[in-house]
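Below is one structure; the comments refer to it alone.
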Amino acid sequence: MESTTPQKDRDGLCFFGQISAAISHDLKNVLAIINEDAGLMQDYLLMANQGMEINPDKLGEIAGKILIQIKRGDSIIKNMNRFAHSVDLPECEVDYRELTLLVVSLLTRIASRKSVTISIAESDPVKGKGDPFVIQMLIAKCLEICIDSAGKDNELNIEFSNEAGNSAIKIIGLSNPVPADQLSGLEKNAVNVGASLGFSPQDKILIIKF
Amino acid sequence: MKILLVDDEAELVSALAERLSFRGFEAQWVSSGDEAVQKVHENDYDLAVLDVKMPRMSGLELREKLKKIRPAMKYIFLSGHGSEDDYRAGAAEAVCYLVKPVKIEELVEKINQALGRE
């Protein structure tokens with residue numbers, strides 16, 4: 001039987017590429033805004049040099065906008081760094097809620113392009129053992145399929161539970177049926193991570209159990 | 001010369017509109033494809049600068065809608081990605097395709113070229 005390892009490696013690489021592309025897009029936007037705000041400030045200073053009176057409040061307002069973008073860029077880079085370091089250890093203690101929060105923040109642009117909002121319920125840490133990178137990949141793949149199923153202008157809610165050593169991530173708000181081939185693909189991914197999936201079309205819920 | 005700027009990053013297009021106004025263009029901005037369609041129904045723009053990747057409606061989809069309303073309007077695309085597919089789709093009919101962040105001088109030059117003001 002042919003080994004599936006190269007395919008698994010390629011899946012991981014594709015996921016890494018997809019997330020990196022989304023991050024680079026967000027950072028490009030941050031830089032573009034800083035570029036325009038800095039340029040606008042330069043325009044005002046040029047006009048001031050030509051004798052036009054400039055309201056200092058206007059310059060303060062532009063500087064404030066630049067600072068907001070720097071903060072936004074910093075938070076994107078922090079997430080990128082956490083994501084990049086998730087390949088450091090093949091197994092360690094993980095917090096499924098924390099990993100989900102990171103994946104959701106990395107997928108925000110993809111969700112927003114499809115006009116779907118994602119909310120995450122408050123909960124205590126939901127801990128277990130596993131490979132952080134492949135767990136993130138599974139959560140991301142499940143979320144992407146759920147985003148498509150939710151459809152435009154809808155919302156997905158994510159809840160967590162941790163009972164008797166079993167951890168679960170519950171994605172609620174699916175609208176359309178998940179195609180069978182996508183579901184079986186997800187199930188294969190779940191098995192690779194040591195997880196299992198529960199899908200309830202009538203309740204519009206997908207559960208990832210660890 | 002009336003220009004419409006469309007990008008879901010409102011901060012970006014608001015600053016860009018102000019900078020273009022200092023350079024003699026009447027620039028207005030919106031942050032979604034739906035708002036752009038409405039604006040183009042109400043105003044006769046010479047050119048639109050469109051972000052390629054936007055929620056709900058991409059820049060390329062938006063151009064198709066706007067072409068039906070104002071067939072003579074010209075287009076410049078802005079993108080953060082600069083992917084090859086976007087480039088091919090954008091460059092096929094657009095006057096040009098610029099990757100963010102853009103130099104204002106380059107954008108002004110491209111606008112002038114598109115409007116035959118070289």
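Computed from a predicted structure; not experimentally measured. Chain identifiers are assigned alphabetically (A, B, ...) following the order of the sequence lines, protein sequences preceding nucleic acid strands; residue numbering begins at 1 within each chain.
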Residue pair B/Leu12 / A/Ala32: nearest heavy atoms and the distance that separates them: CD1-O, 3.5 Å
B/Met73 atom CE: more than 12 heavy-atom contacts under 6.0 Å: yes
For the student: nearest non-hydrogen atoms of B/Ala15 and A/Glu36, plus distance: CB-CB, 3.8 Å
salt_bridge(B/Glu18, A/Lys58) N-O dist < 4.0 Å: yes
Over 12 foreign heavy atoms within 6.0 Å of CD, B/Glu35: yes
Most contacts with chain B, counted as non-hydrogen pairs under 4.5 angstrom, among A/Asn35, A/Ile34, A/Leu40: A/Leu40
Contact check, side chains of B/Lys100 and A/Asn29, non-hydrogen atoms, under 4.5 Å: yes
B/Arg56 to A/Lys152 - nearest heavy-atom pair and separation: O-NZ, 3.4 Å
Region of A/Ser112 that comes under 4.5 Å of a non-hydrogen atom in chain B: both
Gap separating the OG atom of B/Ser79 from the NE2 atom of A/His25, nearest 0.5 angstrom: 6.0 Å
Rounded distance [0.5 Å steps], CD in A/Gln69 versus CD in B/Glu11: 6.0 Å
Non-hydrogen side-chain atoms of A/Asp43 and B/Arg23 separated by less than 4.5 Å: yes
Per-residue contact mode, B/Asp8 against chain A (heavy atom under 4.5 angstrom): side chain
Heavy-atom closest contact (A/Arg109 atom, B/Lys53 atom, distance): NH1-O, 4.4 Å
B/Lys2 atom NZ: more than 12 heavy-atom contacts under 6.0 Å: yes
Within 6.0 Å of CD in A/Gln42, more than 12 heavy atoms from elsewhere: no
Part of B/Val102 lying under 4.5 Å from any heavy atom of chain A: both
Steps toward side chain to side chain contact (heavy atoms under 4.5 Å, CB included) verdict (B/Glu9, A/Val30): CA-CA 9 Å; B/Glu9 298 281 356; A/Val30 167; over 6 Å; no
